[in-house]
There are 2 protein chains.
Amino acid sequence: MSDMPSCQFESRPRRIVIGSSGVQADFCATCAVRPTSVCNVIAQADMARLAEAAVETIIPPGRGFIEEGAPATDFFNITSGTAKLFKALPDGRRQITGFAAPGHFLGLAVSDSYAFGAEAVDTVRACRFSREKMAELLDDFPRLERRLLEEASNELVAAQNQMLLLGRKTARERVASFLLDQMRAGMPLDQNGQRGSLHLPMTRGDIADYLGLTIETVSRTLSWMRSQGMIDVGKGYAITIRAAGRLDTLAAGNS
Amino acid sequence: MSDMPSCQFESRPRRIVIGSSGVQADFCATCAVRPTSVCNVIAQADMARLAEAAVETIIPPGRGFIEEGAPATDFFNITSGTAKLFKALPDGRRQITGFAAPGHFLGLAVSDSYAFGAEAVDTVRACRFSREKMAELLDDFPRLERRLLEEASNELVAAQNQMLLLGRKTARERVASFLLDQMRAGMPLDQNGQRGSLHLPMTRGDIADYLGLTIETVSRTLSWMRSQGMIDVGKGYAITIRAAGRLDTLAAGNS
DNA sequence: CGCCTTATTGATGATTCTCAAGCAAGGTGG
DNA sequence: CCACCTTGCTTGAGAATCATCAATAAGGCG
């Protein structure tokens, strides 16, 4: 029982797969997430500075790359894939506080240790910045600070929505909210490129830990929604939204 | 039933009691919360600028001063009293996302409308800044931006803790966590100035809406803790912590 | 003093969790 | 190529925590 948590929480060494120290000069210029990430406040002319500070990092599925409570040495900017951010209780209960999609900036911690853990859901690519490099960038590019404040404010709004969900919504409302959020977040379409068809990279267990439910309740709720004709549950991780309006009514609590 | 929400959510006109437009020049210099608030990054010499931008505002108990969804016109810095911040569902369910104590900065919203509502718990005094004045201050005092980022990061950490509480903790663990948080937050001691004796300004209903429980469950849990000798429940809003260690064990989930 | 709000406590019930079994898919090794 | 194992999902039965409904008591305030 005493070693259960370490087993459940990715006890494998959290070594990070590191690319070169600093990337090519045109790396940031051609970055796919630049338009939506915090990097976009750094001008074309200064992009070499940015690229010099960044270390491209590839994290395989299931690998943890931020450990809750560990010294906060690095910041990450997700460029592809999805990561889960979570907090855990000593007995193994876990709460996923958010999923970090491409463009998401990670590591905003005032204290010198991470307040949450992070683990790759699928293969994650991220730009890693050391605390020192980040401090230099912040000193040299004041606009970056304002951009980070904007980012943090957005996360706060998301966190408040999640608190409302966790504290006051029923299981059905939670799952409906989740599906709509995923749809709106414009997550990658499935292989068929079908409209309204989501590819959820995370498992039912992840969804349960995100929504404060159990795997069984998530599964049952999805089955119920399917029986109501609201969604189609495809093979793998595909879900098709059939009645977004009814899901919306559910998610808002009008049911 | 249709008018229940408006009744439940402070339907009285949300007029704000406004002091003078701008305060005396020495107002900020003698401010009790200056050491812990964001204002402390503005130097002695520039304090007149700060005082000129601030409007002292007094909000009576129960009065709402931020309406969820309304245009975000002002920022607030609490100087005394406690405010509750909340989000609500159309049918009246409510989640309090946090209590704002003296020193707390309110209104960090990137969008042009507030993402949450705010209401005074007891009598609240706050410095109010218009959006325009705030933008000027941010332009003129870059350190303020960094300080606000720090503030936002702290709130994010608190929000993540609250998500863990709401998603994964039992009723007893939630109440224990709440009591310890209130104790650590160094809330004002009660009239006797007794150590470990908390004066909680909020009602059981507020606590319930904060912890994602019902009034009855909060009351029952406090009674249970009293029966276990962990706390004393005094008259009014006084609670005395008798066994902080056992509460800590409970709050951490080791029970 | 009467009314209203708040808190406490009890009885009952419902949503969700726990425990359990079965199934499908994918990987591995003989 | 197929048995075997592992992982993840689904579904069922029963249990438990917490919510709901209800009654009473205790303050605060006109």
Side-chain angles (χ1 to χ4, degrees), chain A residues 7-8 10 12 60-62 84 89 91-95 121-122 165-176 199-227 231-239 250 253 255, chain B residues 1 4 7-8 10 12 60-62 84 89 91-95 121-123 165-176 200-227 231-239 250 253 255:
Chain A
C7 171
Q8 192 162 347
E10 180 65 25
R12 283 172 279 168
K84 53 188 173 194
L89 291 171
D91 65 356
R93 281 173 286 173
R94 188 175 65 162
Q95 177 66 37
V121 173
D122 45 15
L165 180 147
L166 292 170
R168 289 303 181 210
K169 289 188 181 178
T170 66
R172 287 174 182 180
E173 291 163 356
R174 292 182 202 201
V175 174
H199 174 76
L200 302 176
M202 65 290 288
T203 65
R204 297 283 186 273
D206 288 337
I207 298 174
D209 281 346
Y210 180 57
L211 299 179
L213 301 169
T214 58
I215 293 178
E216 294 93 327
T217 299
V218 171
S219 182
R220 272 186 255 272
T221 305
L222 288 174
S223 296
W224 175 80
M225 286 175 174
R226 179 162 43 81
S227 78
I231 61 173
D232 275 355
V233 181
K235 284 194 192 300
Y237 295 94
I239 287 186
L250 245 186
S255 58
Chain B
M1 184 75 178
M4 200 186 74
C7 169
Q8 192 163 348
E10 179 64 26
R12 281 171 278 168
K84 51 188 174 195
L89 290 170
D91 67 355
R93 281 173 286 173
R94 188 174 64 163
Q95 178 64 39
V121 173
D122 46 15
T123 298
L165 180 147
L166 292 170
R168 289 303 182 209
K169 288 189 182 178
T170 66
R172 287 173 182 181
E173 291 163 356
R174 294 182 200 200
V175 174
L200 302 176
M202 66 290 286
T203 66
R204 296 285 187 273
D206 288 337
I207 298 174
D209 281 346
Y210 181 56
L211 299 179
L213 301 169
T214 58
I215 293 177
E216 294 93 326
T217 299
V218 171
S219 182
R220 269 186 257 273
T221 305
L222 287 173
S223 295
W224 175 81
M225 287 175 173
R226 179 160 44 82
S227 79
I231 61 172
D232 274 356
V233 181
K235 283 196 192 302
Y237 295 93
I239 287 186
L250 245 185
S255 60

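Remember, predicted model here, so these are calculated numbers, not experimental data. Protein chains get the first letters and strands the later ones, always in sequence-line order, with residue 1 at the start of each.
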Residues two or more places apart in sequence or in another chain: which of them pass side chain to side chain donor-acceptor pair (under 3.5 Å) with A:Ser219? none
Heavy atoms only: give me the nearest B:Leu213-A:Arg168 pair and the separation to one decimal. O-NH2, 2.7 Å
Calculate the interatomic distance between A:Met225 atom CE and D:dT10 atom C1'; express it in whole Å. 16 Å
Mind checking side chain to side chain donor-acceptor pair (under 3.5 Å) for A:Arg204 and listing every partner two or more places apart, or none if nothing turns up? none
CG/A:Leu211 to CD/A:Gln95 distance, rounded to the nearest 0.5 angstrom? 8.5 Å
Nearest 0.5 Å, please: how far is OG1 in B:Thr170 from CG in B:Leu250? 7.0 Å
Counting only side-chain N and O atoms of B:Lys235, is one of them less than 4.0 Å from OP1 or OP2 of D:dG27? yes
Euclidean distance, B:Ile207 CD1 relative to B:Leu200 CG, rounded to 0.5 Å: 5.5 Å
Using the C1' atoms of the five pairs at each end, what is the angle between the end axes of the helix from C:dC1-D:dG30 to C:dG30-D:dC1, to 10°? 30°
Measure the distance from CZ on A:Arg226 to P on D:dC9 and round it to the nearest whole Å. 14 Å
For A:Ser219, which contact category applies under a 4.0 Å heavy-atom criterion: base, sugar-phosphate, or nothing? base
Rounded to the nearest 0.5 Å, what separates atom CG in B:Leu222 from atom CG in B:Asp232? 11.5 Å
Min and max contacting nt of DNA chain C in 5' to 3' order, chain B heavy atoms within under 4.0 angstrom, are C:dA7 to C:dA11
Could you work out, with side chain to side chain donor-acceptor pair (under 3.5 Å) as the rule, every residue matching A:Thr221, not counting sequence neighbours? none
Would you compute the distance between atom CZ of B:Arg93 and atom CD of A:Glu173 and round it to the nearest 0.5 angstrom? 4.0 Å
Hey, could you give me the CG/NZ distance between A:Leu166 and B:Lys169, rounded to the nearest 0.5 Å? 13.0 Å
Figure out the CD1/P separation between A:Ile207 and D:dC9, and round it to whole Å. 8 Å
Answer whether the closest heavy-atom distance between the side chains of A:Thr203 and A:Tyr237 falls below 4.5 Å. yes
Mark up nucleotides 12-20 of chain D, 5' to 3', with B wherever a protein heavy atom is under 4.0 angstrom from a base atom, S wherever such an atom reaches only the sugar-phosphate, and - elsewhere. BB----SSB
